[in-house]
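Notes to accompany the following structure.
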Amino acid sequence: MSDHQRIHPVDLEGGSNRPTAPLVPGGSSFRSDKGDPAAARSANHHHQQRAYVPGGPLPPPPRRVAPAAPLPPPPSRKRRGRGCCCRLLCCVVITAVVLAVLAAAAVGALYLALDPKAPRYSVDRLSVSAFQVDPSTVTARARFDVTVTAANPNSRIGIQYEPGSSLGVWYQSYRLARGALPAFYQGHRNTTVLPLALAGEVQLATAVVSGLQDAQRTGAVPLVFRADVPVRVEVGSFKLWKVTSRVRCDLVVDRLMDVSSPIKIKASNCKFSLKL
């Protein structure tokens, strides 16, 4: 074997023959399982510089990252349905309020244009053609002739008096006679005088007869004239709905049980109302 083919041993423990270049170049992308040794040494050196030294300043606290706020849940179908119902209800209420305001304005304008006034009634004459009390049955039979005056003060409103009226003359809670008003039409600013005949009989209590006799001796017998009359208000050619006209007249007459001479009305107070 020639000299250049001989294998010369290398002293690995000596320092003269150690390789001076790294096996893997620094710029190479090769990394071992334990990471880059140079990066590890740099991180370790940086950590040693930031380590707390007794007597020195405290290291800054680690930064805390605030947790992200949770996203709001998507609106449910039930909430969307409630919102639609609320909007619909608000629209209905607003429409009803607007219609009510318009109706009130129309009624107010009509009221100002017509200027309605309540009719006036009075009992001008009351005469008793018959009044007898049966002592055995304490039954009173009476007949009254009443003159009623009805006045319509309206210039644009007519009054149609319908059939089915009820008239009566009362003493306390006992109706002594009854009658009816004829059907007729009362025009604008018209005054109508109505002679009426009322008759009836009623059984009285003994104390009521005694009280009636005492009132006659004093010359002040209280009576009540009542009338319930169905009427229709007419504006031009239009007839409105039917209402009941109620009239109550509180009367005081000088006597009742003596029919030898006409009865005088000492006091009269009539009130008018409507029953819708």
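Computed from a prediction, not measured in an experiment: that's the story for all the values here.
- In this structure, Asn154 and Pro116 have side chains that are in contact, with non-hydrogen atoms separated by less than 4.5 Å.
- Note on Arg248 versus Asp250: salt bridge recorded, some NZ/NE/NH1/NH2 to OD/OE distance being below 4.0 Å.
- Within the 4.5 Å cutoff, the side chain of Asp145 has heavy atoms near those of the Ser127 side chain.
- Distance alone, capped at 3.5 Å, is enough to place a donor-acceptor pair between the Gln216 side chain and the Leu256 backbone.
- A salt bridge links Arg246 and Asp228; the closest N-O separation between the charged side-chain nitrogens and carboxylate oxygens is under 4.0 Å.
- Taking the six-membered ring where the residue is Trp, Tyr121 and Tyr161 present perpendicular rings, their angle passing 60° and hence far from 30°.
- Proximity of a side-chain donor or acceptor of Asn152 to a complementary backbone N or O of Gly187 within less than 3.5 Å is detected.
- Under the 4.5 Å side-chain heavy-atom criterion for grouping Ile, Leu, Val, Met, Phe, Trp and Tyr, Trp170 is not connected to Val252 through any hydrophobic cluster.
- Side chains of Tyr171 and Leu204 form no contact here, defined as non-hydrogen atoms less than 4.5 Å apart.
- Judged by a 6.0 Å distance limit and a 45° cone about the ring axis, Arg232 is not positioned over the six-membered ring of Trp241.
- Gln186 places a side-chain N or O within 3.5 Å of a backbone atom of Ala150 that can act as its donor or acceptor partner.
- Under the 3.5 Å distance criterion, with hydrogens and angles disregarded, a donor-acceptor pair is assigned to the side chains of Asp124 and Thr149.
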